[in-house]
Amino acid sequence: MLILGIETSCDETAAAVVEINNGRTFQIKSNIIASQHEIHNKYGGVVPELACRRHVENISPVIMEALNKAGVTINDIGLFAVTKGPGLIVALLIGLSTAKAIAYALKKPLVGVNHLEGHILSIFLEKSDLSFPFVALLVSGGHTELYLVEDFGKYRILGMSRDDAAGEAFDKAAKMLKLGYPGGPAIEKAAAGGNSRSIPFPRAYIAKDSLDFSFSGVKTALKNYLNGFTPPYSTSTMYLPDVAAGFQEAIVEVLINKAFFAAKRYNVKTIVMAGGVASNKALRTGMQERGSREGIAVFYPGPILCTDNAAMIACAGYHRFAAQGFSPDTNFYEMDAEANMKL
Amino acid sequence: MEILSSSPEETQKIGKAIGKLLTAGDVVCLYGDLGSGKTCLAQGMIKGLDVAEDKYLRSPTFTLINQYKGRMPVCHLDLYRLDNINEIEDIGIEEHICGDEVVIIEWAEKLEKLLPERRIDINIETADVNTRKFIISCPDERFVHLPNPNK
């Protein structure tokens, strides 16, 4: 069966055609992402109104391109899957309304997908034989969360950020350092060749046994450093690679320690990373090294599947569809976007 | 009036004391740099508005609007990612400001002409590595006897 996924929860307009074989193995036929980073770069963040207008302009061409690249027509699609939350409501509505209109016109099933479930299950697009349970570390601009994943559709939240998300901390730090948007890749680039130990940015562990995160303190520590409030009290000799590497390390180290702490606490032998920050090389390397030391397998999808994409929505949509006995969401014409949708 | 804080914990206490004195329809505008403690102060205010202690009061930078149920509805807005007044109007901010909820707005200076005349302004100055000065201006006298956490 062919599945068309549609994703417009934040700044990417995305559509993908995915084929499911034997109920488990996915083949990505096309995975189109119209990124708006160029527009957002100017503003140092995601601008909802621009995001919304761009989604309207992009959505039909992106869907057409996904179909063309897959070499199929819209009539070949057996299931439509669309992100219904969480995200920016004005952005979500564009994808949702489009999907509803197409499914209605073609009398085809449609399922609404939780964006976070899409990220967590994205690994199955590349590694269909991955077995449960696993700990999922979801790290992006809007999310920093740890889940215990026991099966498709069975997610238990173990911890989350109490203030800023990891990606948000990277974005704000990059803004303070005038490095541009998105902040994660900009900091990673600036950190090349830097000594991550030369500036001791704080690590926030909250309580010893807590799986929650807090990244607002390290952001303030960077501000204090740049204001000359902390040693060496002057940034005139600031060496950017050291600052970027130190900041990056402060975030990455906490993410790694908490993910492994969660795996140990729930006696799980597999950790899966997802979300934009999961593309960070320091995080990937650190997780792999720690995993091989402790006998825990670490998986993460390729960079494209770490960003907001529609293939992951098709994948999660299929599993939801299967769990519902291969029937669409009841009354899907009335389905609404949920900005604060929980997993 | 002015009040000093020497730690994030004290900032939260100050926020909580302010939150206890807020009533439906209040619009609280927060001004200050990245890392000055706007979200931290807002978290205290939200607690002072009787939102359950175990709730996660996260930064609304990404979501733009976080809503809570306290003594009255609480709306925590963050305009950091918005660039101009048209974009702010487009996300329906006026509906919140004119309602019966308490509205806390970070980066409120971006509201420009949409800023309501009757509002509580809190300017945050970074005086030192951990010291923050909160300068509160309010059309009435309710914060005059705000308990000082330093005492």
Side-chain angles (χ1 to χ4, degrees), chain A residues 9-11 39-40 42-53 86-91 140-145 157 159-165 167-169 171-173 175-176 181 204 212-231 233 339-340, chain B residues 5 7-9 11-12 32-44 46-47 53-69 75-93 95 106-107 110 124-132:
Chain A
S9 68
C10 189
D11 54 340
I39 309 162
H40 292 142
K42 206 171 109 204
Y43 301 107
V46 181
V47 185
E49 195 270 339
L50 283 183
C52 172
R53 194 191 305 155
L88 301 171
I89 197 88
V90 287
S140 66
H143 299 276
T144 304
E145 281 135 41
I157 182 100
M160 63 168 97
S161 173
R162 293 190 182 181
D163 38 57
D164 299 4
E168 176 184 346
D171 280 346
K172 288 182 173 172
K175 179 122 178 177
M176 288 189 222
Y181 177 87
D212 280 346
F213 299 92
S214 168
F215 292 117
S216 70
V218 65
K219 172 188 73 186
T220 306
L222 175 63
K223 170 196 159 76
N224 285 331
Y225 176 80
L226 295 176
N227 281 347
F229 285 147
T230 48
Y233 304 108
N340 300 313
Chain B
S5 163
S7 70
E9 292 74 27
T11 296
Q12 289 231 354
D33 290 342
L34 279 175
S36 59
K38 295 180 295 300
T39 302
C40 187
L41 186 72
Q43 285 172 330
I46 295 165
K47 285 179 188 159
E53 283 283 339
D54 60 346
K55 283 271 182 198
Y56 283 79
L57 310 175
R58 287 187 283 176
S59 160
T61 296
F62 181 80
T63 49
L64 297 172
I65 302 175
N66 287 349
Q67 289 176 280
Y68 304 97
K69 287 194 188 87
C75 176
H76 183 192
L77 288 157
D78 187 338
L79 309 181
Y80 173 71
R81 298 191 300 155
L82 300 179
D83 190 62
N84 65 50
I85 200 78
N86 297 330
E87 286 155 12
I88 293 167
E89 282 176 321
D90 275 350
I91 64 162
I93 229 160
E95 287 160 38
E106 300 190 35
W107 298 95
K110 297 192 179 188
I124 308 177
E125 286 176 8
T126 304
D128 191 349
V129 56
N130 284 317
T131 312
R132 301 289 184 269

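In what follows, chains carry the letters A, B, and so on, assigned in the order in which the sequence lines appear, proteins first and then strands, with residues in each chain numbered from 1.
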Which pair of heavy atoms, one from B:Pro8 and one from B:Cys40, lies closest together, and at what distance? O-SG, 3.4 Å
For chain B, find which of A:Gly87, A:Gly167, A:Ser161 contributes the most heavy-atom pairs closer than 4.5 angstrom. A:Ser161
Contacting moiety of A:Lys172, where chain B heavy atoms sit under 4.5 Å: both
Nearest heavy-atom approach of B:Leu41 to B:Ile124 is CD2-CD1, 4.4 Å
Got a donor-acceptor contact below 3.5 angstrom from the A:Glu168 side chain to the B:Ser59 backbone? no
What part of B:Gln67 is in contact with chain A, defined as an atom under 4.5 angstrom from a non-hydrogen atom: side chain, backbone, both or neither? neither
Part of B:Ala127 lying under 4.5 Å from any heavy atom of chain A: backbone
Is there a side chain to side chain donor-acceptor pair (under 3.5 Å) between A:Asp163 and A:Ser214 once you walk through the steps? CA-CA 6 Å; A:Asp163 38 57; A:Ser214 168; 2.7 Å; yes
Taking the six-membered ring of B:Tyr80, is the NZ or CZ of B:Lys38 close enough (under 6.0 Å from the centre) and on axis enough (within 45°)? no
Where on B:Leu34 is there a heavy atom nearer than 4.5 Å to chain A: the side chain, the backbone, both, or neither? both
